[in-house]
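As structure tokens, the structure follows; a few thoughts come after it.
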Amino acid sequence: MSLPAFGLGTFRLKGQTVFDTVTNALELGYRAIDTAQIYENEADIGRALAASPVKRDELYLTTKIWIDNFSHDKLIPSLKDSLSKLGTDRVDLTLIHWPSPANAVSMEEYLGALREAREQGLTRAIGVSNFTIALLRQAIGIVGADELATNQIELSPYLQNRKVAEFARSQGVPITSYMTLAYGKVLNDPVLAKIAGNHGATTAQVALAWAMQQGYAVIPSSTKRENLASNMKARDLRLSDEDMAQIAALDRNDRQANPASLAPAWD
């Protein structure tokens with residue numbers, strides 16, 4: 001299965017909230033779900049998947065390995081634990097969530113363990129998240145560009161991350177955009193609002209369509225069924241060259257995810 005262009009993000013959603021969100025999303029037609037070990041919601045997502053009539057083979061499940069589980073002796077057992085919580089024998093994509101802080105575990109070790117997990121059938125594809133150009137170049141040197149299903153990075157109209165995106169494209173590594181709506185900050189943007197009005201769309205649909213039109217996958221999140229349904233319509237929205245140029249001018253390097261203990265030296 002190739003990387004889906006559109007899916008559901010579950011960051012910050014836990015307990016009954018994530019159960020209801022995933023249930024609603026599946027009923028609406030979502031077939032890609034993104035989670036992570038550190039989200040502490042894999043078990044509740046697993047409950048929602050088990051209660052749904054949607055077959056496992058119709059789903060694309062992504063999880064991410066947390067930094068505490070990067071060592072060779074921990075990564076695969078931690079992934080098996082994630083699979084148990086999700087109620088599946090494999091995920092479709094497993095990512096390294098952040099580069100190892102201070103290189104406490106070498107990239108050779110954790111990417112090697114991740115590749116072993118794929119060889120054991122625990123995940124169908126592997127990739128990385130929050131990798132800079134230098135880190136992505138290093139990862140490509142270790143496993144090869146063809147082995148990396150994606151680099152999942154923060155990318156929105158306010159943080160367009162062009163250098164990383166362009167380098168990834170040059171290497172054939174797909175980009176997944178997270179926080180495409182910048183925690184909702186772009187929803188009231190007057191430029192996006194005008195474009196949305198011209199298309200009879202919402203600002204969220206415009207931002208998502210802008211990302212997908214550049215070839216990025218998106219994983220928006222919402223706890224409201226009506227917003228989940230509305231976001232899906234972004235797949236059918238086609239923006240003009242003028243629209244895209246106007247959104248390109250909104251870049252202001254406004255990063256939302258920048259934890260001091262994890263963040264690399266951003267490009």
Side-chain angles (χ1 to χ4, degrees), residues 1-4 7 9-11 32-43 45-46 49 56 59-154 164 167-168 171-176 178 217 219 257 259 261-266:
M1 298 173 66
S2 59
L3 184 72
T10 62
F11 176 52
I33 310 292
D34 180 278
T35 183
Q37 293 174 344
I38 198 63
Y39 297 173
E40 297 180 344
N41 62 13
E42 291 172 319
I45 290 173
L49 298 179
R56 173 65 185 87
L59 298 173
Y60 191 99
L61 300 181
T62 299
T63 195
K64 310 178 196 75
I65 304 294
W66 187 240
I67 60 172
D68 293 343
N69 299 321
F70 279 1
S71 64
H72 186 271
D73 62 335
K74 290 183 178 179
L75 191 147
I76 288 178
S78 80
L79 179 54
K80 289 180 177 178
D81 184 56
S82 291
L83 298 182
S84 177
K85 291 174 179 175
L86 289 165
T88 183
D89 61 353
R90 87 283 183 199
V91 286
D92 299 287
L93 175 61
T94 304
L95 305 179
I96 294 300
H97 204 153
W98 288 86
S100 183
N103 202 34
V105 179
S106 72
M107 193 180 298
E108 288 83 359
E109 181 172 351
Y110 61 74
L111 285 183
L114 189 59
R115 182 162 50 186
E116 286 181 29
R118 191 200 60 213
E119 291 169 352
Q120 291 181 24
L122 304 176
T123 183
R124 298 179 65 179
I126 62 175
V128 295
S129 182
N130 297 302
F131 270 37
T132 61
I133 292 174
L135 291 166
L136 192 55
R137 183 178 283 118
Q138 185 181 351
I140 290 170
I142 294 168
V143 298
D146 293 344
E147 297 289 317
L148 298 174
T150 194
N151 181 19
Q152 187 177 124
I153 57 174
E154 182 183 348
V164 176
F167 176 75
Q171 301 299 306
V173 177
I175 289 290
T176 298
Y178 73 78
I219 46 172
S261 62
L262 295 170
W266 301 115

Item checked: Close side-chain approach of Glu108 to Gln138, heavy-atom, < 4.5 Å -> yes
Note to self: Which heavy atom of Ala217 sits nearest to which heavy atom of Leu3, and what is that distance?
What the structure shows: CB-CD2, 4.0 Å
Margin query: I want to check something: taking the side chain as every heavy atom from C-beta on, are Arg137 and Thr132 in contact at a cut-off of under 4.5 Å?
Written below: no
Notebook entry, point to check: Between Asp92 and Leu61, is there a donor-acceptor pair closer than 3.5 Å when you use the side chain of the first and the backbone of the second?
Noted result: yes
Notebook entry, point to check: If every non-hydrogen atom of Ile175 is compared with every non-hydrogen atom of Ala168, which pair is closest and at what distance?
Noted result: CD1-CB, 3.7 Å
Notebook entry, point to check: Checking side-chain contact (heavy atoms from CB on, under 4.5 Å) against Val128, which of Leu95, Thr150, Leu136, Val173 comes through?
Noted result: Leu136
Next item on the list: State, to 0.1 Å, how close Pro259 and Ala257 come at their nearest heavy-atom pair, and which atoms those are.
Entry: CD-C, 3.5 Å
Next item on the list: Determine whether the side chains of Thr35 and Asn41 contain a donor N or O and an acceptor N or O closer than 3.5 Å.
Entry: yes
Next item on the list: Hey, can you tell me if Trp66 and His97 have their rings parallel, tilted or perpendicular (30° and 60° cut-offs)?
Entry: perpendicular
Next item on the list: Measure across Ala104 and Ser100 and return the closest heavy-atom pair with its distance rounded to 0.1 Å.
Entry: N-OG, 3.3 Å
Margin query: Working to the nearest 0.5 angstrom, can you tell me the gap between Ile96 CD1 and Met107 CE?
Written below: 9.0 Å
Check: Under 4.5 Å between any side-chain heavy atoms of Lys64 and Ile38, yes or no?
Finding: no
Check: Looking only at heavy atoms, which two atoms of Gly127 and Leu93 are closest? And how far apart?
Finding: N-CD1, 4.0 Å
Checklist line | N/O donor-acceptor pair under 3.5 Å between Glu42 side chain and Ser82 backbone | finding: no
Note to self: I'd like to check Pro264 versus Phe131 (side-chain heavy atoms, cut-off strictly below 4.5 Å). Are they in contact?
What the structure shows: no
Note to self: Within this structure, what is the CZ-CG distance for the pair Arg90 and Leu79, rounded to the nearest 0.5 Å?
What the structure shows: 12.5 Å
Next item on the list: Would you please test Thr63 and Gln37 for side chain to side chain donor-acceptor pair (under 3.5 Å) and show each step?
Entry: CA-CA 7 Å; Thr63 195; Gln37 293 174 344; 5.7 Å; no
Notebook entry, point to check: Please walk me through it: do Ile33 and Tyr60 pass side chain to side chain contact (heavy atoms under 4.5 Å, CB included)?
Noted result: CA-CA 6 Å; Ile33 310 292; Tyr60 191 99; over 6 Å; no
Item checked: Thr88/Arg56 under side chain to side chain donor-acceptor pair (under 3.5 Å): CA gap, chis, key distance, verdict -> CA-CA 8 Å; Thr88 183; Arg56 173 65 185 87; 2.9 Å; yes
Next item on the list: Give, for atom CZ of Phe167 and atom CD1 of Ile140, the distance between the pair rounded to the nearest 0.5 Å.
Entry: 4.5 Å
Note to self: Rounded to the nearest 0.5 Å, what separates atom OH in Tyr39 from atom CZ in Phe11?
What the structure shows: 6.0 Å
Notebook entry, point to check: Looking at side-chain heavy atoms only, is the closest gap between Thr176 and Asn151 below 4.5 Å?
Noted result: no
Item checked: Stepwise side chain to side chain contact (heavy atoms under 4.5 Å, CB included) test for Leu59 and Leu49 -> CA-CA 9 Å; Leu59 298 173; Leu49 298 179; 3.7 Å; yes
Checklist line | Close side-chain approach of Val91 to Leu122, heavy-atom, < 4.5 Å | finding: no
Note to self: Could you measure the distance from the CG atom of Leu114 to the CD atom of Glu147? Nearest 0.5 Å is fine.
What the structure shows: 10.0 Å
Note to self: Donor-acceptor pair, distance only, cut-off 3.5 Å: does the side chain of Thr123 make one with the backbone of Thr94?
What the structure shows: yes
Next item on the list: Verify whether one side chain among Asn130 and Gln152 offers a donor that lies under 3.5 Å from an acceptor in the other.
Entry: no
Next item on the list: Give the minimum heavy-atom separation between Ala113 and His72, together with the two atoms involved.
Entry: CB-CD2, 4.0 Å
Checklist line | Gap between atom CG of Leu135 and atom OG of Ser129 - 0.5 Å precision | finding: 11.5 Å
Note to self: Is it the case that over 12 heavy atoms from other parts of the model lie below 6.0 angstrom from the CG atom of Asn103?
What the structure shows: yes
Check: Given Ile76 and Glu116, is the side chain to side chain contact (heavy atoms under 4.5 Å, CB included) satisfied, shown in steps?
Finding: CA-CA 8 Å; Ile76 288 178; Glu116 286 181 29; 3.9 Å; yes
Notebook entry, point to check: Are Gln120 and Lys80 close enough that some pair of their side-chain heavy atoms sits under 4.5 Å apart?
Noted result: yes
Next item on the list: Let me see the working for Ile142 and Tyr110 under side chain to side chain contact (heavy atoms under 4.5 Å, CB included), right down to the final yes or no.
Entry: CA-CA 11 Å; Ile142 294 168; Tyr110 61 74; over 6 Å; no
Notebook entry, point to check: Where the side chain of Thr62 meets the backbone of Asp34, is there a donor-acceptor pair that is under 3.5 Å apart?
Noted result: no
